[in-house]
Structure formats: C-alpha cells, structure tokens
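One structure is given here, and the rest of the page talks about it.
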Amino acid sequence: MKSIVKVFLIINILVLSACERMITDVDIDPGRKKLVVHSYLYPGMDTVKVMLTSSLLLYSSTELCQGPSNNEVDDAQIVIRNKNIEYPLTYNDSIKQYISTELEIKKGETYNLYVKASEGEELFASCTVPGENPPDIEILSIQSDTYGGKIINFRFRDLNGQGHYYRICGVYKYFYAPEPESFHLYSIYMDKGEEFVTDINKDGEYFIYKTNWIYLDEEPNPVTLFLALTDIHYYNYHRSVFNFDGENPFSEPSPVYSNIEGGLGVFAAFNGSTIEVDLE
Amino acid sequence: MRKTSVCLILFFLLFSIFSAAQSRFTISGFVRERGSQELLPGVNIYLPEQRAGTTTNNYGFYSLSLPVGSYRIQYSYVGYQLVEEQVNLNKHIEIDVELEANLTLSEVVVSAEKYRRLTESDQMSMISLPVIQIKNIPALLGEKDVFKVLQLMPGVQKGSEGSSGLYVRGGCPDQNLIILDDAPVYNVSHLFGFFSVFNGDAIKSIELTKGGFSARHGGRLSSVIEMTMKDGNKEKISGQGGIGLISSRLTLEGPLVKGKSSFLVSGRRTYIDLLIAPYMPQDERGGYYFYDLNTKLNYDFGPKNKLYLSGYFGRDKFYFVSKYSNSKDKGALYWQNKTGTIRWNHLFNNRVFSNTSLIYSEYNLNIYEEYRSSNDKYELKYTSGIYDVGLKYDLEYHHSPEYSLRTGMQSTHHYFLPSAIVEIDDNVSHEFKSKTDYTSFESAVYVENHFNFKNIIQVNAGFRMAHFIADKNHYFSPEPRLSVNYLFGKNISFKAAYSVMNQYIHLLSNTGIGLPTDLWVPSTDRIAPQHSSQISAGIAKELVEKGIQVSLEGYFKKSKNILGYKPGSSFLLIDDPTEVQSYTWQDNVTAGRGESYGAELLLHKKEGRTSGWIGYTLSWTQLQFDEINFGKKYWARYDRRHDIGIVVIHELNKRITLSGSWVYGTGNAVTLPLGSYYSQSHDPFESMRDSPFYHYYSWSEIYDYGEINSFRMKPYHRLDIAVQFHKKMKKHERIWELGLYNAYNRLNPFFYFISREYDWETNTETSKLKQVSIFPIIPSVTYNFKF
C-alpha cells in the first residue's frame, strides 16, 4: 500500500523533524537477568530436552553478538517429576541443552519441571500432554497451474468437546544438488487458515486450509504437513511470539506468554502427526 | 412501606393544592444579543428580593410563574451588561430582552448576580466556558482550539503531547458525548489530534459536564460536551476571520430577512499544500490539508415557532499524484465528518416549550489508490465509518420557580461499516470485494424533575430508560440520575450527585494518538454495553465582590464492560487491506473494569480586567482485565496523579491584552521492557534437518515487560504566553496576536523508545531509553479581523 507508506513517511517527517535536539536520554535502572526455559514434550519422544538460557539486560552495555548461542546456562539443576518419580536431566554440551533418555512421555500425563540455578533462582512449570490423538488431515483437492505450481486444499475436523488447540504447518524440500541430503526445507504459506487455532466458538467444526502456490522440482518430492493437538501453553506462547511487535512505541505492548513461574519461556506439550502429500 | 407511600402521596397533593391556590401568572420570553439578535443560552434571570430565578434554555427561552405582585428582574450573562426590568405582574407577560455585549472582558461592573449562581444550581460538575475567554487564551501555532482549552480544566486530562483527546475523570476519549447543535461528532481531530475540528468563530456556547448528568443526556460514560453554533446576525452582514501560520478562517453572517431570518457560514482551511505546490516536480505532486465548514440557517416564524438548519463538514486529506510517460498513479487517505440537523422550536404556551430535531451524522475514513496505464488498471478502495440518522424530541414545562419538568425521547439508527473493500487488478483478472457491516437502534426516554425549595435546596431527580438492539439481543438499561444542592450559608452550598450511564458504541484504537484508523463498533451479542455509576459531592462558594467562583469536588466512578485490546492485537492497517477480513475485532477485544476517584479544585473568574482560572486535580484511575496483566489491577495510561492548569488573561488597556497559561501533569503510566531474551519456537520438522545451522530454529529477540503501566514518564509542564494588539478602524477591528508556545522550551515526553548503539572498538552494544519530544518553543503570529 504505497499511499499508506507515504502517509506515514509524512507523519515521520513531521514528527521527527529537528529530531536530534528533541531526543534525550532517560535514566532507568537496568534491572536484573532472568532465566529462560524452552521445552516441548510429546508422546513417544526418545530424548526429553530442556533449553535454559539467560535474558539480556537493557539500558546497559553488553558484549556484542549476543545471539542465542551466547546465553546458555549450563550449571543449573533440572528435574522433571511425573507421578512422584523424579527424572534429573543432564547438560549435553553438543546440543547445549539438558536431556533425559529415561523419562517416557505419555498421553494424558502431567509433568512438572523444577529448575534450580547456581545463584539460587528457582523456577517451576507444569504441563499436561493432550490425552487424545490429533484429528486426521483430509486432502480436498490439489490445483495446478501451467508452470507446475500446486495448491493444496485440505481440512480437519475439530475433536468433540471444548478446549482444543491446534497447530498446522507444512514444509517442502528444495534440492540444490543431486545428492539426497542436499536440500533446504521451505515453509509452506497458507492463503487461507491460520497456523495456531482454537475451537472456542467453533466446537466440532471443520478448519479449512488452502496453501499458497508451491513450486517443486520434477523429481518425486512430497510435501510434509504437520497437525498437532497442543496444550494451552503451547498455543498461547506461539501466538504471542507471532504477534509480538516491540517496535511501535504507540501501540499497547504485546507481552509474550510464559508459564514459567519465576522465569520466562515455556514448558509445553503437544501430540502431533505428519503426513506426506504427493502432489503428482 | 405503606405509611411512607401514603405520606408521599399526601405531600404531593398538598403541594399541588397549595400551588394552585395562589393566582399565578407567567413572565416568559427570549433573551437575545443586541445587534445580532443572537439567542443567548444560559442567561441568568434572577429576582433578588425573592431569591428565585431561572436560566434561558439552549434556545434563549425562559419562563417564570409567580404570584401576583411587583418584581425586580435582573438578566445577566458573562460578557454582557446587566439589564434590569421592573414588572407589575397581574397577567401573563412576554418580555423579550436584549443584552449589550461588552467589547472587552473588563468593560463590566462586576455585580452581585453576574452569572448563573453556582451555589444555587442543582447541576454540579459542569463547566461553562465563555467563548470570549477561549479566544484570549494562547494556543499552539495561534490556532484557538476549544478542546485544548477544555484540557486546561480540572478533571480533564489530555492524552499525549499535542493531542486534543479528552480523558474526563478517568474515561477514554470515546466516552465523551460531543454534540454540535444536537448532532454527535465522532472524530474530533484534525492532523492526528494536534487540532480539534471545532472552529471557535462559529461556536456560541460550550458546556462540559463531568458528573451529575441530567437525564436528557446518555449514551456515553464520562462526559457531555454540548456546543451550540451561532445563529447568525439578524440585523446586518458581519464577519470575522484570521490568517495564521497553519490555517486561515473566515466567518460571514447576516440576515436573509431582517429581524427574522439569518445565515452563518464559517470556514477554515490549511494551505501548506497550496503554498508548496508550485515547487513540487511536475510529474509528482502530493500534500496534506484539512478544512472545516460550519453552516447555519434559521427562520423565526414568530414567538411560537422557530426553525434551524445546521451543518458541519470537515475533512483531512493526504494525497499524491504521480504521472509517468504512459501511466498515472494517484491515491489518497482522507477522513471526514458530516453532520446536519433540522430543529424546530415550538412554544405551546408561555410555560411549555418543545424542540424537535432531525439529526444526521457520519464519520468515515477512506483510502484509495488508482493506477492506470495503456494496458493495465488497478484500483483499491477502502472505507470504514459510522452513519447515524436520529430523531429527538424534548419538552420543558415550567410550572413555577419551585418546580419544572423536562421530558423527551431520542432514537438513533446507527449503521456501522468497520470495513468495505473493493480491489480490482486487470493485470491478473482479479476482483475482490468484501464488506463487514452492522445495523443497530439506540433509543431512550427520560424525565427530569427540578425542585427548588425556597432557593435553599434544589433537587434534580431524573430517570432515563435506554434501549439498544444488537443482532438478536435487546439491551434495556434503566439509568437513575439524582443531584442535590443545599445552600447552607451565605453564598456557600453543598452539592451531591449520583448517575448511572451506559454506552452502546465503542471506539477501537490500538494507539495512544488519535489516528483516523480508529474504528467505531457497536455492542453485539458478544460485546456487552459499557456501564458506569458515579457519585460526586462537593462544596461551591461565590466570592461575589471579587467575581470568583470556587468549587471543590470529589468523585468516585466505577465502570464495567469497558473494552481493552488483547495483547498483540492491532487494528492499524499498514499492509494489504484485503487481509483486514481476518481482523475480526470481536476476537481482539476483551472486557474489564475501571475505577476512578479523585478531587478537583477550581477557582474561576469569568470577567474583569484580570480573569482566568486555577484548577487542580488529584486523581487515581485503575483498570482490571482478566486477559491483561495476568488479571491484576494496573494504572491506566492516562492516570496522572496531579494535574494543574492556570490561565490568566489581563487587559493592560483597551488595546493590549496579555495572556498566559501554565499546565503541569504527572507523567503518563507506560509499560517498558525490563530486559530482552531469545524465544525458541517449536520446530516440528527438527528430525528432517541435519544441518547444525538449524539448531536454533526460528529464534527471535523479544522483550520481557514488567507489569503493565508500571513506569512513569517524566512530568509534563509547559508555559504559553501571548499578547494581542487591538485596533479599531473605521469599519473593522483588527487584532495582531503574537504567541509563544512552550515559552521555556521544556522538552516534554511524546514517546519513549529503545535505541541500540554499537561500539566496534570495544565490541559492545549499549541499549538506552530515549525520549522523543515534538514541540520545542514555537512562536506564532496571527492576524484577526472583525467587521
């Protein structure tokens, strides 16, 4: 929308004219760092993983290149409890996460996460794996154009009962060399339908999707669709990350959801399945 | 219970019998301005010996029923000379009075009964601003603005620097009922809120009510701002105007039939786009302008019937046109208000007055772009707006100075169009049309009983029954209204009021500034009407010899079903408007509660060589939404603990007027990030990725916010000064005004943002909180004239 862009350029010019003298520093306390947890559980996973990082201070000076790989916390004690049995996790340096291969994740079970950092901070979170399997994806039709592009029309039906949350997404492989492992995964965008949905006011209804145009190589190259039944923490967290906009000083702040008591991030669960769709 | 009912019935019977027993006759008539014949609302009509009186209504009419006898009647009004009449009342009399306007505020004898006595009025929490004071107060870039002056009053906060939005006793701008000649005005901002749409030259009177609402007003929670346009000079052609830095204005008024009918046309337009047009490239033009046009026609059929036609048209427009060798691209973003009213005053007899109004009001925002070339055409049109058609009937019955009744009804058909899009792209044979709209009906009936017991106790007991139809839901809302005034000493009274208000239409705005993309939407089966109840109490005192009114009021207001926005929701269209259909606004809002309380002190001197006011407000406003701030209470953004407004106007002599205003406000409450961190979304396809580069899938840096609105911006304060040089020529008067806005160059906060500075030598990144201010010291020059 060129006109809108021009309108707001004009606003910016008006507002920011003579801006150098009109911008001043504000004194504010930098605060303190917090621990950030990311962990996702699903039934049958062979290795449970928990990523623990530290937040960054604002209004202070920090070392440059503070990407996610520079903030891991590797000296905490992490335990997951299920049915009064505790499963300690150990730090794995190659993947920079705390792992356990002993803990079995099952449908319908509740898992509690306890984190104790070396400086004494304690975090707690809890999640319950959905007890049902996700519904099936039903492919309605595949459209083609003269250039080899494809559109997939599909749907799934909400499970009976209230309080279901879903995630739908897809990828396809783009081969850049003849070797089977020489591919990039590209996300499929949806022209119709949202990635994170809930059945509030839509119990038992169909959720209908239509992908954007997908252009594949000539080799057989199925696309992969993923549909998961998630818990409320998974849904809230991902939607709030998706909606986050920290750059507009006039809009209401959009805080990112967290179910970590004493910290940030998310400890969530889902039950998902993938299907491959052959577009030929 | 039965005994009480019997006593009440007996009391009213006796009262009626007593009233009927005495022979009563009525003095009634109209009060006008000498010369222009402009009808004057709110004129104080007082009988000093009987300590009784009344005021003219919005149409200049008054009626007093008294026993047979001899009376001295004083007619007084701010800005006019007092008129006194001696009457021997032994039959019904009609007395039409003409008041002479003072040329200046100081040309007056500050007498005992200059204006409606605050201490003898059952109306509390009301501010009546003399238009002449508004014209003397210094303003941003010399543009006199009614709303900016209201923001200087206690109990009224402004939003952000430069904004003309009003936050009255903790309420948002959409909770103000803004009426111009009976028509509601939905968007009151030009240039994103820097100026309001009201041209002071066309306005006759302004009244702001913050609490103790009378039953004839409803539909909004926080305030009623009632403005009346001038009727037009019925005797001769006259006019006034001015040339300023931003805009120029011209008002013409005069008789169509001398003494009977008159017209008024008042226009204002900016001209920066016209000035820079010659300097723009030939093939690319663009610009911005706004204009206002107020029009009025009226006809006086005689003492019993008068007809008024009023119209207001205003628009803001950004536009561009680009011409290429074989194509043309043009587009615009514009928003506009249009209002129109036809009003008929009818006098049934000297005690019963009625008014019937047919009302139209619309506000819409439009975006369009059109691209045409030799082989291609693209067109996009987006409209969003609200359209009202309404009917209003009001009846006044003036039984006696002890009792009067007001009753009436109002019905409005609302048509909401949150979005309507048409997109045509011939290049890809694409046509897209989409529309979201709602229709609803809002109605109300009301009754107000005004009792006056020996001028010691005044009571206004009223009731309003409101009704709203939305989808298949009917909302019925009983709204009791009560206010009491008790005069317990010399010129000192105690006031108290209670009112219940409901609001069926809501303004959705995701930003702190008044952007035209703000949406008006109705209550639906999912969105309940907003509701508030307010009690207020206070003391009023007249320092009669000094001509100063003092009032100290406290209030407590509770609101529920107020709308807030779910975190992360947005209604601001930046991208493709065809995606707007996915912005189902009902899914993006959430309902909550509000609580506001505080105290307001006002010392107001309306006339004299030195006039002005000092206002101080101490207030708290908290909100609670289940889906915001984890359900915990938090301060509203516009919660400002202390608010001070001081205005002084001093006439040095007949030719020079000095004026100044100083405002102070505690900083806005804002939400600031406390830190940042990297989010790690779940990767469903992790096992398909072998590359270690995908170890951190879809991470992004996000902020950790503290509690909502837990940080206070710096306090806001500002001094404005101005000097006016008046000169009377043969046939006209001219006034040069020099002004200084923000005279001591205070850098007030407009918004905060986080800036990142990188030092490559030390390999460090520093984040800082920065404040942006937009208005430094700004001088202005304006030339005004009157003839």
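As the structure is a computational prediction, the values presented were derived from the model and not from experiment. Any value given below was found using the heavy atoms of this structure, including those in side chains, with hydrogens, waters and symmetry copies removed. Each chain gets a letter, A, B and so on, in the order its sequence line appears, and its residues count up from 1.
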Describe, in one word, how the ring planes of A:Phe196 and A:Tyr235 are oriented to each other, choosing from parallel (under 30°), tilted (30 to 60°) and perpendicular (over 60°).
perpendicular
Do you know which of B:Val670, B:Asp704, B:Leu674 has the most heavy-atom pairs under 4.5 Å to chain A?
B:Asp704
Interchain contact, A:Lys49 with chain B, by part (heavy-atom threshold 4.5 Å)
side chain
Check the orientation of A:Tyr40 and B:His682. Use parallel for under 30°, tilted for 30 to 60°, and perpendicular for over 60°.
tilted
Regarding B:Glu757 and B:Lys770, does a basic nitrogen lie under 4.0 Å from an acidic carboxylate oxygen?
yes
Exercise: do B:Glu379 and B:Tyr368 side chains pair donor with acceptor under 3.5 Å:
no
Determine the interplanar angle of the B:Trp335 and B:Tyr288 rings, folded into 0 to 90°, and report it as parallel if under 30°, tilted if 30 to 60°, perpendicular if over 60°.
tilted
Among A:Ile28, A:Asp29, A:Thr274, single out the residue with the greatest number of heavy-atom pairs under 4.5 Å to chain B.
A:Ile28
Contact part of A:Tyr59 toward chain B, heavy-atom cut-off under 4.5 Å: side chain, backbone, both or neither?
both
Between A:Ile200, A:Val241, A:Val171, which shows the greatest number of heavy-atom pairs under 4.5 Å with chain B?
A:Val171
Using non-hydrogen atoms and a 4.5 Å limit, figure out which bit of A:Val26 sits close to chain B: side chain, backbone, both or neither.
both
Can B:Arg756 and B:Glu701 be counted as an ion pair, charged N to O under 4.0 angstrom?
yes
In terms of heavy-atom pairs under 4.5 Å, which option from A:Phe242, A:Tyr237, A:Tyr257 contacts chain B the most?
A:Tyr237
Under 4.5 Å from any heavy atom of chain B, what part of A:Tyr42 do you find: side chain, backbone, both or neither?
neither
Tell me, side chain or backbone of A:Lys34 under 4.5 Å from chain B's heavy atoms, or both, or neither?
side chain
Assign the ring pair B:Phe753 / B:Phe751 to parallel, tilted or perpendicular, where the plane angle (0 to 90°) is split at 30° and 60°.
tilted
